[in-house]
Number of protein chains: 2
Amino acid sequence: MSQFNNATVEKAANVYYGGKVTSRTVILQDGTKVTLGIMLPGVYDFGTEGPEIMEILSGDLKVLLPGSEIWQEIKGAETFNVPGNSKFSLEVFGVTDYCCSYPAM
Amino acid sequence: MSQFNNATVEKAANVYYGGKVTSRTVILQDGTKVTLGIMLPGVYDFGTEGPEIMEILSGDLKVLLPGSEIWQEIKGAETFNVPGNSKFSLEVFGVTDYCCSYPAM
């Protein structure tokens, strides 16, 4: 799916880490939320409330998921899941385009 | 208007200047296009095909519009128009969030 139809798009961006990570919030037709974002090179820590499905559309990065001691390399497109109420870390080497989904809990 | 309803959102980002300028394409209910973008500090030159309405949602920048020799300062929210088939330049000092509209020609 290359686009979302019948969506509600928040106009203002979400800005993190001084603009090195930014996203737009989109509410899908079924009421669930996704954020479409860009990460520039850097090291980032994020926390989750509910579970998240992180779809890397394109990028070059490593991710450290909760409970793991191994940084997983991602080059190009790949999806990983992050449990709710947890923390994960990313080291981004190249411009990374992502779609983060927040499945209804 | 803080959000767009019944919109179609392209999933993949538009990436310029090595990721220092990125945007998402949104097709509105009336069929017109907007892009929601972020510019990080830097100096940028852009060209237009059709006319563009550039709404700065928040930012700190200067813009040089075609036919002008004066760089216009923008701090915060402001809107400017760019004629079609022209070039304009931006000097961005702080993270700048924008919504660019492409009125039907």
Side-chain angles (χ1 to χ4, degrees), chain A residues 1-42 44 53-61 75-79 90-102, chain B residues 1-42 44 53-61 75-79 90-102:
Chain A
M1 179 178 43
S2 67
Q3 61 185 35
F4 297 115
N5 297 313
N6 298 309
T8 298
V9 187
E10 298 288 338
K11 212 165 165 184
N14 311 306
V15 177
Y16 310 97
Y17 287 101
K20 293 177 76 177
V21 179
T22 58
S23 71
R24 304 277 166 180
T25 299
V26 179
I27 306 298
L28 304 185
Q29 196 170 11
D30 67 2
T32 61
K33 181 177 91 164
V34 303
T35 53
L36 292 167
I38 291 283
M39 296 185 287
L40 298 183
Y44 309 111
I53 301 167
M54 186 72 164
E55 179 186 1
I56 304 297
L57 302 167
S58 63
D60 181 1
L61 68 158
K75 286 181 191 289
E78 195 161 321
T79 297
L90 299 162
E91 184 169 5
V92 174
F93 304 105
V95 180
T96 293
D97 188 9
Y98 70 86
C99 176
C100 187
S101 301
Y102 305 81
Chain B
M1 179 178 43
S2 67
Q3 60 185 36
F4 297 116
N5 297 313
N6 298 308
T8 298
V9 187
E10 297 287 338
K11 211 165 165 183
N14 312 304
V15 178
Y16 310 97
Y17 287 100
K20 292 176 76 176
V21 179
T22 57
S23 71
R24 305 276 164 178
T25 300
V26 179
I27 306 299
L28 304 185
Q29 196 170 11
D30 68 2
T32 61
K33 182 176 90 165
V34 304
T35 54
L36 291 168
I38 291 283
M39 297 186 286
L40 298 183
Y44 309 112
I53 302 167
M54 187 71 163
E55 179 186 1
I56 303 297
L57 302 168
S58 63
D60 181 2
L61 68 159
K75 287 182 192 289
E78 194 160 323
T79 297
L90 300 162
E91 184 169 5
V92 174
F93 304 105
V95 179
T96 293
D97 188 10
Y98 71 85
C99 176
C100 186
S101 301
Y102 305 81

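Sequence lines set the chain letters: A, B, ... in the order given, protein chains first and strands last, and positions in each chain run from 1. These numbers come from the heavy atoms of this one structure, side chains and all, not from hydrogens, waters or symmetry mates.
How far CZ of R24(B) is from CG of D97(A): 4.0 Å, rounded to the nearest 0.5 Å. Atom CG of N6(B) and atom CD of Q29(A) lie 8.5 Å apart (nearest 0.5 Å). In this structure, the separation between OG on S23(A) and CG on L36(B) is 11.5 Å, given to the nearest 0.5 Å.
Heavy atoms of L40(A) lying under 4.5 Å from chain B belong exclusively to its side chain. With a 4.5 angstrom heavy-atom cutoff, I38(A) touches chain B via backbone and side-chain atoms both. In this structure, the portions of V9(A) lying under 4.5 Å from any heavy atom of chain B include both its backbone and its side chain.
Heavy-atom pairs under 4.5 Å with chain A peak, among A7(B), S2(B), G19(B), at A7(B). Note: G37(B) leads G37(B), C99(B), P41(B), G18(B) in heavy-atom pairs under 4.5 Å with chain A.
Closest non-hydrogen pair, K11(B) versus L57(A), comes out as O-CD1, 3.7 Å.
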